[in-house]
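Reading through the structure tokens given below for one structure.
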Amino acid sequence: MRRICDIENKKFEGLRLCRAELCDYGKVFAFLDNCRNALEKTEYFYPYTQTELEAVLDKGYFLCALDGDEIVATCAVDTDEEYAKQLAEVIKKGSGGKVDVGKAYEASGLMVREDHRGAGLASYMLSRAVEYADEHEINLCGVVFYTNKASIATFFGRKFLLSAIFEPINGYKFVYLLKKFNFCYSKPELYGKINITEAEELNTALQKGFQAFGLAGDSLLMTEIGRKA
């Protein structure tokens, strides 16, 4: 792995940030597979196929936090152009045509080893993905299982907006969180709350142009910020 920097944060003392490459496939796969199998709900992390992981390692931007020689956290930006168009199309349809960005590159592989959770490492890793997106002037999209509150909250913390919900053929149900390049907001006006488990109600609100910007317990906080952008 190529070292980027030591992580200058007392909460993550001793960790260093590296960029993984195709030759690191075995190590990265083992980390993600072990962490997923240790989750209480494995559906909270939809695994890469071998082809997908190889492509992100080879052509994308795959970050790893290392403690010594061991991976303790990951986050990547998938730079596949066609997939970015597909994600943008899902968001467009899921928002009733009101959020149309052309391309949205997935911020994928966000995972933290259990013994390193609770200190904000996921947020740090996502922030580095956001920095990469800003440098390359691209939109980012987080694809998260619809009841995975911890992951959704991490994306909200980096000012992503929940803009669509979609259920593919395989039975998974995902929400799509979008961070448009060069789009900032401060204090959204709250228009209502929707329980995170109420997928149909959420879909109806999203189709009308509402977006979620935060969580309060089990409730998504809804706003019309996307319509004003």
Side-chain angles (χ1 to χ4, degrees), residues 20 27-53 56-57 60 62-65 70-78 83 86-87 90-91 94 104-130 140-179 193-203 206 211-221:
K27 190 170 187 176
V28 172
F29 173 82
F31 168 78
L32 294 174
D33 191 52
N34 290 337
C35 287
R36 181 175 187 267
N37 290 334
L39 293 174
E40 183 178 348
K41 296 182 178 181
T42 56
E43 62 266 32
Y44 279 4
F45 187 84
Y46 192 73
Y48 293 99
T49 65
Q50 180 177 342
T51 300
E52 289 168 346
L53 182 54
V56 177
L57 288 168
F62 202 106
L63 295 172
C64 296
E70 294 192 7
I71 301 173
V72 296
T74 56
C75 188
V77 178
D78 188 338
Y83 184 44
Q86 292 171 22
L87 289 179
V90 170
I91 292 171
Y105 298 82
E106 186 180 5
S108 65
L110 183 60
M111 180 69 82
V112 177
R113 202 172 72 185
E114 188 174 11
D115 60 344
H116 280 71
R117 293 176 192 157
L121 188 53
S123 181
Y124 171 81
M125 297 298 288
L126 183 58
S127 74
R128 298 304 299 247
V130 170
L140 275 187
C141 176
V143 183
V144 182
F145 191 77
Y146 80 114
T147 58
N148 187 349
K149 293 190 294 182
S151 188
I152 291 171
T154 299
F155 281 93
F156 281 151
R158 292 296 161 186
K159 293 195 172 182
F160 284 70
L161 293 169
L162 195 160
S163 304
I165 184 169
F166 178 63
E167 185 171 359
I169 297 173
N170 57 21
Y172 278 74
K173 193 173 292 181
F174 298 108
V175 289
Y176 293 73
L177 297 108
L178 175 67
K179 185 172 179 61
K193 300 179 181 180
I194 296 176
N195 191 289
I196 199 168
T197 63
E198 297 296 331
E200 290 187 13
E201 184 180 352
L202 175 60
N203 184 56
L206 295 169
Q211 293 174 289
F213 66 91
L215 269 171
D218 291 331
S219 296
L220 290 164
L221 308 180

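Position 1 is the first residue of the sequence, and the numbers go up from there. What you see below is based on every heavy atom in this structure, not just the backbone, and it leaves out hydrogens, waters and symmetry mates.
- In terms of modelled atom types and a separation under 3.5 Å, the side chain of K179 and the main chain of R158 share a donor-acceptor contact.
- In this structure, the side chain of E198 does not engage the main chain of N195 through any donor-acceptor pair within 3.5 Å.
- How far CD of E106 is from OH of Y176: 8.5 Å, rounded to the nearest 0.5 Å.
- Between the side chain of S163 and the backbone N or O of I91 there is no donor-acceptor pair closer than 3.5 Å.
- Among residue pairs with one or both ends in residues 28-47, those qualifying as ring-ring contact (aromatic ring centres under 6.0 Å, His included) are Y25-F29, Y44-F145, Y46-Y172, Y46-F174; sequence neighbours excluded.
- Among the candidates L110, L32, L63, the single residue satisfying the side chain to side chain contact (heavy atoms under 4.5 Å, CB included) test with T74 is L32.
- Distance check, rounded to the nearest 0.5 Å: NE2 of H116 to CD of E114 gives 12.0 Å.
- Rounding to the nearest 0.5 Å gives a distance of 3.5 Å between CD1 of I196 and CD1 of I152.
- Listed here is the closest heavy atom pair of F62 and A76: CD1-CB, 3.4 Å.
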May I have the step-by-step check of side chain to side chain contact (heavy atoms under 4.5 Å, CB included) for V143 and F166, ending in yes or no? CA-CA 10 Å; V143 183; F166 178 63; over 6 Å; no

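- When all heavy atoms are compared, the tightest approach of V28 to A20 is CG2-CB, 4.0 Å.
- Atoms SG and CG, on C64 and L57 in that order, are 7.5 Å from each other to the nearest 0.5 Å.
- Side chain of N203 to backbone of A199: no donor-acceptor contact under 3.5 angstrom is found.
- A donor-acceptor pair under 3.5 Å is absent between the side-chain atoms of S219 and the main chain of G217, judged by distance alone.
- Annotation: E70, atom CD; neighbour count of heavy atoms from other residues, nucleotides and ligands within 6.0 Å does not exceed 12.
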What's the verdict on side chain to side chain contact (heavy atoms under 4.5 Å, CB included) for L178 and L87, showing C-alpha distance, side-chain angles and the deciding distance? CA-CA 10 Å; L178 175 67; L87 289 179; over 6 Å; no

Assess the residue pair F155 and L140 against the criterion (side chain to side chain contact (heavy atoms under 4.5 Å, CB included)); give the C-alpha distance rounded to whole Å, side-chain angles, the decisive distance to 0.1 Å, and a yes or no. CA-CA 10 Å; F155 281 93; L140 275 187; over 6 Å; no

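- L39 CG to N34 CG: the interatomic distance, rounded to the nearest 0.5 Å, is 11.0 Å.
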Worked verdict on T197 versus D218 for side chain to side chain contact (heavy atoms under 4.5 Å, CB included): CA-CA 8 Å; T197 63; D218 291 331; over 6 Å; no

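- Across all their heavy atoms, L206 and I165 have their closest contact at CD1-N, 3.7 Å.
- Scanning all heavy atoms of the two residues, the minimum distance from A129 to C75 falls at CB-SG, 4.0 Å.
- Here CZ of F156 is found 5.5 Å from CG of L220. Values are rounded to the nearest 0.5 Å.
- Listed here is the closest heavy atom pair of R36 and P47: NE-CD, 3.4 Å.
- Counting non-hydrogen atoms of neighbouring residues, nucleotides and ligands closer than 6.0 angstrom, the NZ atom of K193 reaches no more than 12 such neighbours.
- Closest of all the heavy-atom pairs between L121 and A73 is CD2-CB, 3.6 Å.
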